[in-house]
Number of protein chains: 2
Amino acid sequence: MTSTTTSPAEPLGRRERKKAATRAAISHAATRLFMERGFDNVSIREVADAADVSPTTVFAHFPQKEALVFDEDDEQREHLVRIVRDRAPGVSISQALLDAYRADVLPPEDPDGVRRREFMAFIDATPALGDYAAKMWLRHEDALAGAIASELGLTEPTEQIRTYARFVLQVQLLAGASETPLETLEAAFGLLDGGWQEYSSHLAG
Amino acid sequence: MTSTTTSPAEPLGRRERKKAATRAAISHAATRLFMERGFDNVSIREVADAADVSPTTVFAHFPQKEALVFDEDDEQREHLVRIVRDRAPGVSISQALLDAYRADVLPPEDPDGVRRREFMAFIDATPALGDYAAKMWLRHEDALAGAIASELGLTEPTEQIRTYARFVLQVQLLAGASETPLETLEAAFGLLDGGWQEYSSHLAG
DNA sequence: ATTGATTTTAAAACTGGTACGAATACAGTT
DNA sequence: AACTGTATTCGTACCAGTTTTAAAATCAAT
């Protein structure tokens, strides 16, 4: 259910369907148990039992215990790149990122947003999960830097772009941990934009 | 040898002296073995054996395996705070930090610097150590933000200061991982200084 | 020297993760 | 339908880091 193409429901063979089913069973059992008793109080063996599967099979589908919770690495990265690449005309990169982050941080409106918010609270409750999420998030640094570079007409990111990408990803983490996420967002982008706009306009000009 | 007061050699009781000796024996055995065969190829049990101590005793002194390598948390934090607090008059905070980072990155001159460089290379060779070092380093964020705030005449760091502190710590990691650390340093501080100087002068003015 | 608290230690247990080989289910071929 | 190769699953045993448990040693104070 992760990185396979989503909508057209390609006709999978029995094999792939079964594999996907096993994966889903494991994932479901894991999230249920984790929510009931907390991430740290559930062992891989228990997850395997609950999914009626051998422990080794769990690791065949998920490289680490933490991966049972985060099942969407590629989507995240794609989302991030799209924010930069597909922004409305006339909108700066910083502006696009700030807007996107803002939407993440504002009070949720649809039930989907509520669920996502609960999920994030669950993650915050377990240090190991927070660390893992942060690590995964920051792994997108290269992708983001590449997207920005190509938006600015470069084939390779410069040191400044790389730095900016890292900072921008950090801002998301900062805001997520902040009591006043909106203020944090604005403070951070305010700090960044001075140097960044100067640099990028210098590049374009 | 870590956070106890250093010079005057307070008269420790027998108990404390023995404890310190055990700790030192473990630490020595560990560094020797790690250097000889690599961090990942030495088990805690082996370290314990080499120090003629039970494995649990190792954990009584060091919370994790990685802690055997980093024995100086507080000193690091103090160093960082001093860079900001004890900078020469007329030198900006950014300038002081940049200078300090630069010294870390330049070719070492004294034998002490050489040893430190070898140590850093050793850390880079083991992902687990790099992660741990980064985590420890970033834990200084609050201390750094506090020091900056108090330099600017505030009792509490603002959102901007907190953000700046996080960015500045990240710069150190960026430069450490870069092929061209000096360029990275200058690019990063160039990016930061625009917004930061505006903000801090706005604060002072 | 005895007592009692505290520290230190050892041994075992637990947990995440890997290695290995065997068994099973599938897809494509004949 | 049988055959073959391949992918998935399984069970077990195992390793290394870490926690738990309880015994032993150590110290301070009487």
Side-chain angles (χ1 to χ4, degrees), chain A residues 1-2 4 10-31 33-34 37-70 126-133 135-136, chain B residues 4 10-27 29-31 33-34 36-70 126-133 135-136:
Chain A
M1 210 59 70
T2 312
T4 52
E10 309 190 11
L12 302 187
R14 207 177 319 272
R15 207 174 219 165
E16 274 125 324
R17 249 181 304 124
K18 288 206 168 188
K19 181 172 181 177
T22 309
R23 182 193 176 90
I26 295 171
S27 181
H28 285 154
T31 28
L33 288 176
F34 289 161
R37 322 209 320 251
F39 183 77
D40 290 328
N41 302 323
V42 178
S43 78
I44 295 266
R45 269 98 170 165
E46 288 175 302
V47 173
D49 268 1
D52 196 22
V53 141
S54 136
T56 34
T57 305
V58 174
F59 286 107
H61 288 270
F62 304 91
Q64 307 181 23
K65 189 185 181 187
E66 285 84 358
L68 285 166
V69 178
F70 302 97
T126 311
L129 286 180
D131 288 359
Y132 186 78
K135 217 194 255 174
M136 280 190 48
Chain B
T4 52
E10 311 190 11
L12 303 187
R14 208 176 320 273
R15 211 173 214 166
E16 277 123 323
R17 249 182 303 125
K18 289 206 167 185
K19 180 171 181 178
T22 308
R23 181 193 175 90
I26 295 171
S27 181
T31 28
L33 287 176
F34 289 160
E36 278 174 19
R37 322 206 324 248
F39 183 77
D40 289 329
N41 303 323
V42 178
S43 78
I44 294 265
R45 269 102 169 162
E46 287 175 302
V47 172
D49 268 2
D52 195 24
V53 141
S54 131
T56 24
T57 305
V58 174
F59 285 106
H61 290 270
F62 304 90
Q64 309 181 22
K65 187 185 183 188
E66 285 83 359
L68 285 165
V69 177
F70 302 97
T126 311
L129 285 180
D131 288 359
Y132 187 79
K135 217 195 255 175
M136 282 190 47

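Naming: A, B, ... by sequence-line order, numbering from 1 per chain. Only heavy atoms go into these numbers, but all of them, side chains included; no hydrogens, no water, no symmetry mates.
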>> I need the CD-P distance between B:Q64 and D:dT19, as an integer number of Å.
In response: 8 Å
> What is the distance from atom CD1 of A:I44 to atom CG of A:D49, rounded to the nearest 0.5 Å?
Replying inline: 12.0 Å
> At under 4.0 Å between heavy atoms, what does B:V42 touch on the DNA or RNA strands: base, sugar-phosphate, or nothing?
Replying inline: sugar-phosphate
>> Checking A:K65 against A:F59 for the side-chain contact (heavy atoms from CB on, under 4.5 Å) test, could you report, in this order, the C-alpha distance in whole Å, the side-chain angles of both residues, the deciding distance, and whether it holds?
In response: CA-CA 8 Å; A:K65 189 185 181 187; A:F59 286 107; 5.8 Å; no
>> With a 4.5 Å cut-off on side-chain heavy atoms, are B:V58 and B:R45 touching?
In response: no
>> Pair A:R37, A:E46 - check side-chain contact (heavy atoms from CB on, under 4.5 Å), show working.
In response: CA-CA 12 Å; A:R37 322 209 320 251; A:E46 288 175 302; 2.9 Å; yes
> Would you say a side-chain N or O of B:T56 is under 4.0 Å from OP1 or OP2 of C:dA10?
Replying inline: no
> DNA chain D: A:T57 or B:P55, which has the more 5' nearest nucleotide?
Replying inline: A:T57
> Between C:dT8 atom P and B:I26 atom CD1, what is the distance in whole Å?
Replying inline: 11 Å
>> Rounded to whole Å, how long is the line connecting atom CZ of B:R17 with atom C1' of D:dT26?
In response: 13 Å
>> Between B:H61 and C:dT8, is there a contact of a side-chain N or O with OP1 or OP2 at under 4.0 Å?
In response: no
> B:E66 has a side chain; which of D:dC10, D:dT18, C:dG17 sits nearest to it?
Replying inline: D:dT18
>> Given D:dG17, C:dA10, C:dG16, identify the nucleotide with an atom nearest to the side chain of B:R45.
In response: D:dG17
>> Measure CD1/B:I44 against C1'/C:dG16 and give the value in whole Å, please.
In response: 15 Å
>> What is the separation between atom CG on A:L33 and atom P on C:dT15, rounded to the nearest whole Å?
In response: 14 Å
> Is any side-chain N or O of B:K19 closer than 4.0 Å to OP1 or OP2 of C:dT8?
Replying inline: yes
> At what distance, to the nearest 0.5 angstrom, does OG1 of A:T126 lie from CG of A:D131?
Replying inline: 10.5 Å
> Which nucleotide in the set D:dT19, C:dG16, D:dC10 lies at the smallest distance from any side-chain heavy atom of B:F59?
Replying inline: D:dT19
>> On the nucleotide C:dA10, are OP1 or OP2 found under 4.0 Å from the side-chain N or O atoms that B:S54 carries?
In response: yes
> Rounding to a whole Å, what distance do you find between B:F34:CZ and D:dG17:C1'?
Replying inline: 12 Å
> Once you round it to whole Å, what is the distance between P of C:dT18 and CG of B:D40?
Replying inline: 13 Å
>> So, OP1 or OP2 of C:dC26: does either fall under 4.0 Å of a side-chain N or O from A:K18?
In response: yes
